[in-house]
Asks: 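Let me give you the structure first, and then I'll get to my questions.
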Amino acid sequence: MCISISQVSRFRVHLIGSSCYERVHGCLKINSSPRLLDVRASSVDGTKNRWIRRNASTSTTTQGSKRSSNAKSSVLGGAVPITRIIDAESVTKIQQPFETLQQRLAKNKDLSNLLTVIVTDLETSGLSRVKSRIIEIAAQDLAGGVNSTFQTLVNPGVPIFNANIHGIRNDMVCRPEVPRMEELIPIFLRYVESRQKPGGYAIIVAHNGKTFDFQFLINEFSRCSFEIPDNWLFFDSLPLARDCMKSVEAEVKLKATLSALGDYFNLSRDGEAHRALSDVLLLSQVFQRLTINQKLSLSDLVLRSYTVSDLTSAIAKNKKD
DNA sequence: GAGTGAATTTGGGAGTGCGT
DNA sequence: ACGCACTCCCAAATTCACTC
């Protein structure tokens, strides 16, 4: 049974399957081969210390006779190795020390009364996460209704160099009626809050959001000394689109851009490409088709989403690297 | 048990795709 | 142009089945 996310308010069946939860963000990378585990080995004097890959089981039985495993990896450099073999059960315990917010939330039997799905899109003054700023923001609550759509230009306070992309020029945003980000954030917060259900969560959806839109949003909130509410989750539609395009049998590999997805689902665009509202309206339709196509339930949506701390730790890690 | 070769798995680097 | 995630390819490491 497959239900579009757009039917949130009428949604009754919440779990189609948990198989979609392939990329558990925030967890340690799991070795795809259960037999192979990394074992740290060092010599007694501590001068040699390196990682080797070793069979978790040190012996196997073949045709009734016991047989030792690869002898080459059992001794290192002639010294007596101090090894710590980690069994699969221990690895599982290490990898899942806590239940994440998403896992806890996904267990809820009445997710439709908790979640608000808001599709967003940003236009920016450039591609640099450091130097560029948001110049337009649009959002749409998939549940629809009165005041479900939000759109505004933003005065970035910096020059716009990529007007050729979106057509937004400096003179369009440097006007008294165009809010600056610090003025807009409280308005945007009120908009999202007005769409949320009592005690519920908002899932902010954006295409390539993890590496673009969400980073800009988090940076702008931080720059303006605002905190992103704890009851916001973030969902990137790009991996979902890639999964969908991968499953399509076609002679030419299909792209996962928003425009290509619109064409694939035979959707018409209302407005110019690379304008926030136009892209949001298209992404809303595309996202609904993707959820149907990929049989994505609300719990899958929650499990594949990110908390703000998931995203900020990823940003911090990238800065460190 | 030792040795061999095919099959499988992993990790790194290069290239590509995605957003504006 | 910027920066991140993903994909593909290849070499190296490792496992496994088999023979002697």
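Residue numbers start from 1 in every chain, and the chains themselves are labelled A, B, ... in the order their sequence lines are given, proteins ahead of strands.
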Asks: Under a plain distance cut-off of 3.5 Å, with no hydrogens placed, do A:Thr100 and A:Gln103 share a side-chain donor-acceptor pair?
Replies: yes
Asks: Taking atom C1' of C:dG3 as reference, at what distance in whole Å does atom NZ of A:Lys210 sit?
Replies: 13 Å
Asks: Would you call A:Arg223-A:Glu220 a salt bridge at under 4.0 Å N-O?
Replies: yes
Asks: Report the distance from atom CG of A:Asn219 to atom C1' of C:dC2, rounded to the nearest whole Å.
Replies: 13 Å
Asks: Separation of A:Met245 atom CE from C:dA5 atom P, in whole Å?
Replies: 22 Å
Asks: Look at the side chain of A:Ser194 and the backbone N and O of A:Tyr191, then say whether any donor-acceptor pair between them is shorter than 3.5 Å.
Replies: yes
Asks: Extract from the structure each pairing of a protein N or O with an N or O of nucleotides 15-20 of chain B at less than 3.5 Å, listing the distance.
Replies:
residue, atom, partner, partner atom, Å
B:dC18, OP1, A:Ala256, N, 2.4
B:dC18, OP1, A:Thr257, N, 3.4
B:dC18, O2, A:Asn208, ND2, 3.3
B:dG19, OP1, A:Leu258, N, 2.8
B:dG19, O4', A:Asn208, ND2, 3.0
B:dG19, N2, A:Arg129, NH1, 3.1
B:dT20, OP1, A:Asp121, OD1, 3.1
B:dT20, OP1, A:Asp121, OD2, 3.4
B:dT20, OP1, A:Asp279, OD2, 3.4
B:dT20, OP2, A:His274, ND1, 3.2
B:dT20, O3', A:Glu123, OE1, 2.4
B:dT20, O3', A:Thr124, N, 3.2

Asks: Whole-Å distance between C:dA5 C1' and A:Gln215 CD?
Replies: 11 Å
Asks: For the pair A:Gln140 and A:Ser284, evaluate side chain to side chain donor-acceptor pair (under 3.5 Å) and give the outcome as yes or no after the intermediate values.
Replies: CA-CA 8 Å; A:Gln140 186 181 41; A:Ser284 295; 2.7 Å; yes
Asks: Under 3.5 Å, is there a donor-acceptor pair between the A:Arg133 and A:Thr124 side chains?
Replies: no
Asks: Are A:Phe235 and A:Leu301 side-chain neighbours, meaning at least one heavy-atom pair lies under 4.5 Å?
Replies: yes
